[in-house]
Amino acid sequence: MKSNDNYTQMDENKFEKSISELEKSHDLVCLFCAQQGKRFVLYYIFEKGKQLLMMTKHLTGTTATSIAAQFPSACWYEREIRDGFGIEFDGLQDRRPLLLHEPYPDGFHPLLKSFKNQKIHTKKDVIDSYPFMPITGEGIYHIPVGPVHAGIIEPGHFRFSVIGETIFNLEIRVFYKHRGIEKLAEGKQPRECIAIAEAISGDESVANAVAFCMAMEKISEITVSARAMGLRTILLELERIYSHLGDLAGMIIDVAYPVGASAFFILREDIFQLNELLTDSRFMRGMMDIGGLKRDIEQDKLRQAGEFLTTFVQRFKKAVEAVQVPSVIDRLDNTGIVKRELVRPLHLTGPIARAAGVAIDTRRDHPYGDYSKVPIRLGEKGDVLSRFEVKTAEISDAVAIIRQVIASLPLAERRAVLPIKDGDACSLVEAARGQTMHWVSIKKGVIDRYKVRTASFCNWRAIEHAVLGNIVPDFPLINKSMNLSYAGTDL
Amino acid sequence: MKALSNILTKKVTRDEEFECLGIKLRKDIDCIFGRSLQLRELDTGSDNATEIELVNLTTPYYDIERFGVTFVASPRHADGLIVTGAITHNMAIAAKKTYEAMPSPKIVIALGDDACGTGIFKEGYAVIGSASDILPVDVKIPGNPPSPKEILAGILAVLETIKKKKSQQHLHS
């Protein structure tokens with residue numbers, strides 16, 4: 001099948017040698033599997049600065065060689081492929097199921113083409129029996145938290161191993177919300193899949209819809225008009241603003257300063273209402289289309305948005321000033337440090353990576369949309385305070401980007417109408433939480449395989465490391481400073 | 001103090017319709033529960049947009065606590081459960097345990113299209129179905145996601161039903 005990206009087919013004999021060479025220079029963006037007829041193909045997507053290196057490996061059977069020793073982030077991908085396709089990885093240490101929890105029947109692999117998506121019979125009367133990593137020693141006790149948490153928040157399980165108040169180890173188990181998104185997309189018309197992309201993660205509706213449409217446009221060789229590109233950029237940046245505002249408010253709430261948080265919450269509500277004015281949806285849903293946008297946005301509404309953002313900047317500045325008090329800063333400073341050395345091996349992405357001092361941003365590294373200049377905001381320590389500061393700066397930058405796009409937005413068709421072709425393509429978008437990858441394969445006009453890897457999927461591992469040596473009461477704060485999406489991970 | 005005055009100067013302009021619904025809700029809660037309605041949120045497979053709108057209800061713009069609604073940390077403290085999302089196989093056990101942990105009598109509200117059974121996740125291997133497939137749902141609040149005002153109106157609808165039942169029982173006794 002025709003691919004719209006350049007893949008190098010990996011040679012089995014040289015596989016281990018080339019992987020250990022890549023380990024020195026490249027990040028693993030994603031590893032996934034697709035079935036072609038009766039055979040399986042593994043796709044390895046690597047990144048080195050602004051360069052992507054895409055490789056495939058055609059398997060002869062149902063076994064492959066693990067690369068988790070060289071690329072630690074591969075562990076979750078290989079476990080995911082094991083669940084989805086039943087492929088075994090030689091050398092993979094962790095063989096626990098990832099997506100499919102205890103109720104699923106043994107030997108069930110939903111992404112195999114032989115399985116037609118339908119309701120299944122699960123095991124009856126199962127009990128939670130997931131083997132967490134055993135952590136033992138004098139004075140160590142365990143705090144199991146979740147999947148149902150205390151706040152209005154998504155479900156996941158946190159297994160803390162604690163000495164006194166200090167966290168000695170944390171293991172996170174997610175995928176409770178596994179809804180079978182990738183399988184659900186298979187066989188669907190590409191346009192039907194936009195709603196699926198929007199449902200991956202509510203507060204990343206625009207980013208995921210844009211990423212899906214970009215992959216489709218690459219496959220079908222459609223050029224999006226400058227106007228549609230500009231409007232997409234505006235919506236993507238509005239999403240970043242409300243997402244980051246929620247994180248800032250959450251961090252301030254978690255240091256017990258709700259008065260300080262309230263200003264961020266009010267600004268955030270104003271952005272939700274602005275979203276509704278522009279798109280009739282508080283989450284800006286139903287706007288994206290393959291080739292551009294489903295609806296245009298009237299110039300008058302854009303003018304109103306521009307005016308609103310002028311006053312927003314002043315109010316936001318005051319809200320940030322109001323939390324610059326020692327009792328707040330003291331809690332954020334030096335808490336939940338993500339070490340810079342972890343960014344590459346775990347492919348940590350977005351504000352978490354930038355706050356740790358690593359200058360990566362998909363908007364600059366793999367350009368799309370209407371971004372003429374994206375300032376990269378870097379932190380130094382990688383602590384909660386650095387993430388607070390990076391997100392604060394990125395809100396101001398997003399406002400500047402939107403105002404600039406509005407000022408120079410040309411009048412043009414909202415959508416290019418061209419036929420959809422067969423093929424496959426990968427797209428990358430910088431969502432509020434970081435780099436998001438979509439890979440779509442179209443066969444006979446319908447979706448044959450849809451692979452999604454959101455920023456959260458990579459960034460969960462950052463929390464497991466950031467909490468070490470911190471006290472349990474600081475966990476909510478550290479967690480909120482990253483604010484990962486469970487829905488976007490669990491799919 | 002100077003820092004605080006930065007953010008305390010601007011008053012929030014509120015939505016009139018929302019305020020009217022809220023006042024009605026306050027009266028119903030007084031009549032049925034005496035003081036407050038305590039709700040526990042349970043996400044069984046949402047896309048997180050419904051959670052965001054629930055959180056928005058608690059923020060200063062809407063501030064639902066003014067009307068007597070509190071979101072509580074434990075099902076053991078709750079009068080009602082708000083279920084969001086389709087019911088995934090992976091969440092089914094936790095969902096049932098959460099429901100069972102609530103003291104009776106208890107209310108169940110299905111919030112959002114997926115919890116109501118009209119969303120895109122009703123099919124497929126990974127979901128059992130919607131909230132009413134495993135729990136006794138009292139009211140459905142559809143939407144993708146429902147807005148804060150729609151959620152408030154939905155909660156009010158449950159209380160109106162309870163109030164009616166209560167007054168009928170009163171007449172019969």
Side-chain angles (χ1 to χ4, degrees), chain A residues 99-104 108 110 115 117-120 122 126-128 146-148 150-155 175-180 183-184 195-196 198-203 205 246 249 259-260 262-263 265-266 268-269 272 282-283 285 315 318-319 321-325 485-488 490, chain B residues 2-10 12 40-63 71-75 82 84-86 88-95 97-98 101 113-114 119-121 123-129 144-145 147-148:
Chain A
L99 311 175
L100 309 177
H101 289 191
E102 290 86 327
Y104 281 92
F108 173 66
F115 172 70
N117 198 18
Q118 59 185 326
K119 298 264 186 252
I120 57 160
T122 49
V126 286
I127 45 158
D128 299 335
V148 178
I152 303 173
I153 186 175
E154 302 178 79
F175 301 98
Y176 286 90
K177 301 175 73 167
H178 179 61
R179 292 150 288 161
K183 188 75 178 185
L184 188 67
I196 294 178
E198 286 180 339
I200 289 167
S201 175
D203 53 2
S205 296
V259 178
S262 63
F265 276 130
I266 292 167
R268 178 166 144 108
E269 176 61 27
F272 276 119
R282 287 163 62 86
F283 291 82
R285 288 178 163 170
R315 290 166 57 204
K318 284 187 177 177
E321 277 170 19
V323 296
Q324 306 299 317
V325 286
S485 167
Y486 299 70
D490 301 356
Chain B
K2 188 182 165 288
L4 267 184
S5 65
N6 264 348
I7 49 174
L8 294 176
T9 45
K10 192 175 181 285
V12 174
R40 171 65 233 171
E41 188 258 352
L42 171 68
D43 174 357
T44 53
S46 81
D47 62 24
N48 83 28
T50 31
E51 278 66 43
I52 290 170
E53 291 295 33
L54 279 175
V55 170
N56 285 343
L57 271 174
T58 67
T59 64
Y61 187 87
Y62 298 103
D63 195 10
F71 291 96
V72 291
S74 165
I82 294 197
T84 63
T88 65
H89 288 306
N90 290 350
M91 267 308 284
I93 302 171
K97 278 188 187 172
T98 305
D113 287 345
D114 290 321
I120 57 171
F121 294 115
E123 301 300 329
Y125 70 87
V127 297
I128 294 177
N144 181 27
S147 68

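By convention in this document, chain letters (A, B, ...) are assigned in the order of the sequence lines, proteins followed by strands, and residues within each chain are numbered from 1. Just so it is clear, the structure is predicted and the values come from calculations on it, not from any experiment.
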For chain B, the option from [options] that forms the most heavy-atom pairs under 4.5 Å:
| options | value |
| --- | --- |
| Q118(A), E102(A), H178(A) | H178(A) |
| G246(A), A249(A), G151(A) | G151(A) |
| A150(A), S485(A), G488(A), A487(A) | A150(A) |
| K183(A), E198(A), R179(A), R268(A) | R179(A) |
| I196(A), I152(A), I120(A), D203(A) | I152(A) |

Calculate, to the nearest 0.5 Å, the distance between atoms OG and CG belonging to S205(A) and N144(B) respectively.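 Going from OG on S205(A) over to CG on N144(B), the span is 8.0 Å.
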Measure the CZ-OG1 distance between F265(A) and T58(B) for me, rounded to the nearest 0.5 Å. 6.0 Å
So for [X], is it side chain, backbone, both, or neither that comes closer than 4.5 Å to the heavy atoms of chain A?
| X | value |
| --- | --- |
| S74(B) | neither |
| L54(B) | both |
| I128(B) | backbone |
| I120(B) | both |
| F71(B) | side chain |
| P75(B) | neither |
| T84(B) | neither |
| D114(B) | neither |

Heavy-atom pair count under 4.5 Å with chain A, highest-scoring of A94(B), P148(B), G119(B), S147(B):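 The residue among A94(B), P148(B), G119(B), S147(B) with the greatest pair count is P148(B).
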What residue among K97(B), R40(B), E41(B) forms side chain to side chain contact (heavy atoms under 4.5 Å, CB included) with V148(A)?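 Passing option: R40(B).
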Distance-only, no hydrogens or angles: does the [X] side chain make a donor-acceptor pair with backbone N or O of [Y] under 3.5 Å?
| X | Y | value |
| --- | --- | --- |
| K177(A) | T88(B) | no |
| N48(B) | G202(A) | yes |
| N90(B) | L100(A) | no |

Does any backbone or side-chain atom of [X] lie under 4.5 Å from a heavy atom of chain B? Answer side chain, backbone, both or neither.
| X | answer |
| --- | --- |
| F115(A) | side chain |
| T122(A) | side chain |
| P155(A) | both |
| F283(A) | side chain |
| R285(A) | side chain |

Search all heavy atoms of [X] against all heavy atoms of [Y] and return the closest pair with its distance.
| X | Y | answer |
| --- | --- | --- |
| G180(A) | Y125(B) | CA-OH, 3.5 Å |
| E123(B) | K119(A) | CA-NZ, 3.9 Å |
| M91(B) | Y176(A) | CG-O, 3.4 Å |

Could you work out, with ring-ring contact (aromatic ring centres under 6.0 Å, His included) as the rule, every residue matching F121(B), not counting sequence neighbours?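 Partners of F121(B) under the ring-ring contact (aromatic ring centres under 6.0 Å, His included) test: none.
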After noting the C-alpha distance and the side-chain angles of H101(A) and I93(B), does the key distance pass the side-chain contact (heavy atoms from CB on, under 4.5 Å) rule? CA-CA 11 Å; H101(A) 289 191; I93(B) 302 171; over 6 Å; no
Show your working on side-chain contact (heavy atoms from CB on, under 4.5 Å) between F272(A) and I52(B) and close with a plain yes or no. CA-CA 11 Å; F272(A) 276 119; I52(B) 290 170; 3.6 Å; yes
